[in-house]
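What follows is a short report on a single structure.
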Amino acid sequence: MTTKPETGSATRAAPGLRHDAIGLREVLFQSITDMAPGAAIAASIPAGAALAGGALPLSVLLALIACLFCASSIGLLAARMPAAGSLATYAARGLHPAAGFLVAWGYILVGALIPPLVLLQLGFTTASTLNSEFHSYPANLWWPWALAGALIVLAAGFYGIRASAGLGTVLGAFEIAVFVVLAVFLVVHAGGHNSWSVFGTRYTPGGFRGLSGVIGGSVYSILAFGGFEGAAPLAEEARDPKRTIKRAVLLATLCIGALYVFTTYAADVAFGPARFAHFSVAGAASWEGMARALYGIFWFFVFLAIVNSTIANANAGVNVSSRTAYAMGRIGAFPRFLALVHPRHRSPHVAILAAFAVTVAVTLGLGLGYNPVTAFSMVGTGIVIILAAIYIVMNAACIGFFARRRRRGERWNPLTHLVIPLLGIATFVPAWLTSAGIRAFSFVAPLAPPVSYMGPGVAAWMVIGVCYLIYLYARDPRRVTEVGLVHLEPDELDEQA
């Protein structure tokens, strides 16, 4: 005779998230906006131009292939374990409950840092643009715009998943449309300079000739894909989650990856592949700069697209962190008040308020303590250090989960259950080393203070998580084991109990 975990039984009796609230469109745009395509096109991807030069489109194409490996692994796991705990649940079932807890510990930090990251960008982008157009506006008065963005995201999240997912859908569609239209204009403007040669190594800059520059550019481009798994934490609120979440993760990666390749190609051939190594995130040699020079007022739409992208990405980040905190609070692994759900809107409102408080504290603390651009680099570095490591763990979890199922007689696919996850691990190791500033490759630049503080800071966060994990094992190990149990179907709970 088996007994179901008491915590799981108790939590199922309490009010939960709103089931069947959103469909594939909204879930898809959760992943899309978590990737922040507008901000990535304008800021993240051009960072690889110094390494890949005019071959950057090839770098982005390689990054797309690499991310599809990981998206495949996460999609397979999401189809088997639809859960608000998402990546934590996958690691717990595929590797070990302790791994699941530590993934949750790291992933909630990622979700909590995404809003400060993009709201800092919202602040300094808006302030600098206003200053360039109206010189009387102080260029350093950035923080009111960041706070305004935080309040918009708070309101959307508080009113429930339909409101926040709807906001993400509208904003995401707008930013994509703007960059697609501008990219088409740039391709037309390039005319006879359109060439497939940018998908080769001909235009890599000196010092990074050949494949070394292309690979270096692809590592930086991989970071622009971060968030493609953002649909996974919405599994308990989506219709037919076993199909919807898998499709959303794969479609978001493929579609936005194709957008990245197309827009990078368009900027490359329009700007000039031979000098594309000097393309950057601001000034004349940037997306906004080209829009100003070639199409006048169209720069304003590029600016709006970047602003929209920051708010949409902050909204997606709150969805991720609040659902992860809710799932872990529900089983007592995190404080239980994080699992409280608003009786009317069915949103994890306490977790959302906690995310808002962290957003304001980090945004203003680092932004005013240093400056918003430096703070942006610091927060972004911290995010990618954790996220790249989590992607590596997800590929390993895919191998572990299906290897265990194979021993129970289930079908084993060597390609999708072993080869692709191993390729995913191999491609994200260089990305992790790059984000941490560990010089294992020639294209990895050492981090300078204060950005270099983020490595030890992330390490300290994870050490605290390990200490808390040990405490939970000593006090009530069930709270750790339920990271992998609480989201299962009733028959699977019986099997595991």
Side-chain angles (χ1 to χ4, degrees), residues 17-18 21-22 26-40 84 107-127 142-175 226-227 230-231 233-234 237 303-326 338 340-342 344-367 372 375-376 379-380 383:
L17 302 174
R18 190 184 302 279
I22 52 177
E26 293 83 4
V27 175
L28 174 62
F29 272 92
Q30 163 67 17
S31 274
I32 286 175
T33 54
D34 207 18
M35 296 166 73
Y107 199 48
I108 199 170
L109 180 62
V110 169
L113 290 180
I114 286 174
L117 173 77
V118 291
L119 293 177
L120 283 163
Q121 184 181 9
L122 170 64
F124 66 69
T125 298
T126 304
W142 58 270
W143 58 267
W145 303 104
L147 288 182
L151 289 171
I152 292 172
V153 171
L154 172 65
F158 180 81
Y159 282 105
I161 191 59
R162 288 173 178 164
S164 59
L167 176 66
T169 300
V170 172
L171 296 181
F174 178 81
E175 64 182 285
L234 304 188
E237 296 161 282
F303 166 70
L304 284 183
I306 296 172
V307 169
N308 277 9
S309 186
T310 60
I311 296 176
N313 193 209
N315 178 65
V318 168
N319 284 340
V320 167
S321 63
S322 60
R323 270 61 183 182
T324 303
Y326 163 83
L338 293 173
L340 294 176
V341 174
H342 193 278
R344 179 181 177 186
H345 304 300
R346 303 287 288 277
S347 60
H349 60 296
V350 176
I352 290 170
L353 287 170
F356 174 77
V358 171
T359 295
V360 172
V362 174
T363 302
L364 297 184
L366 292 180
F376 175 85
V379 176
I383 288 174

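In this text, all values refer to a predicted model and were calculated from it rather than measured experimentally.
- For the atom pair CG (Leu120) and CG (Leu364), the distance works out to 8.5 Å, reported to the nearest 0.5 Å.
- The two residues Gly367 and Trp142 come nearest to each other via the heavy atoms C-CZ2, 3.5 Å.
- Between Ala112 and Pro115, the closest heavy-atom pair is O-CD, 3.6 Å.
- Looking at Pro348 and Leu338, their side chains never come closer than 4.5 Å, going by heavy atoms from C-beta outward.
- Scanning both residues, Val379 and Leu113, for their nearest heavy atoms gives CG1-O, 3.4 Å.
- Residues passing the ring pair (Phe, Tyr, Trp, His ring centres under 6.0 Å) test with Phe376 are Phe124, sequence neighbours excluded.
- Between Ile311 and Asn315 there is no side-chain heavy-atom pair separated by less than 4.5 Å.
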**Request:** Starting from the C-alpha separation in whole Å, work towards a yes-or-no answer on side chain to side chain contact (heavy atoms under 4.5 Å, CB included) for Phe29 and Leu171.
**Result:** CA-CA 9 Å; Phe29 272 92; Leu171 296 181; over 6 Å; no
Exercise answer: donor-acceptor pairs, residues 349-362 side-chain atoms, under 3.5 Å, sequence neighbours excluded:
from	atom 1	to	atom 2	distance (Å)
His349	ND1	His342	N	3.0
Thr359	OG1	Ala355	O	2.8

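- Thr126 meets the side chain to side chain contact (heavy atoms under 4.5 Å, CB included) test with Leu122, Leu130, Trp145, Phe303, Val307; sequence neighbours excluded.
- Taking every heavy atom of both residues into account, Pro233 and Arg323 meet most closely at O-CG, 3.4 Å.
- By the side-chain hydrogen bond (donor to acceptor under 3.5 Å, both in side chains) test, Ser309 pairs with Glu175, sequence neighbours left out.
- Every residue two or more places apart in sequence or in another chain was checked for a side-chain hydrogen bond (donor to acceptor under 3.5 Å, both in side chains) with Trp143, and none qualifies.
- Residue pairs meeting the side chain to side chain donor-acceptor pair (under 3.5 Å) criterion with at least one member in residues 27-39, sequence neighbours excluded, are Gln30-Asn319.
- Judged as a side chain to side chain contact (heavy atoms under 4.5 Å, CB included), and not counting sequence neighbours, the contacts of Val118 are Thr310, Asn313, Ala314.
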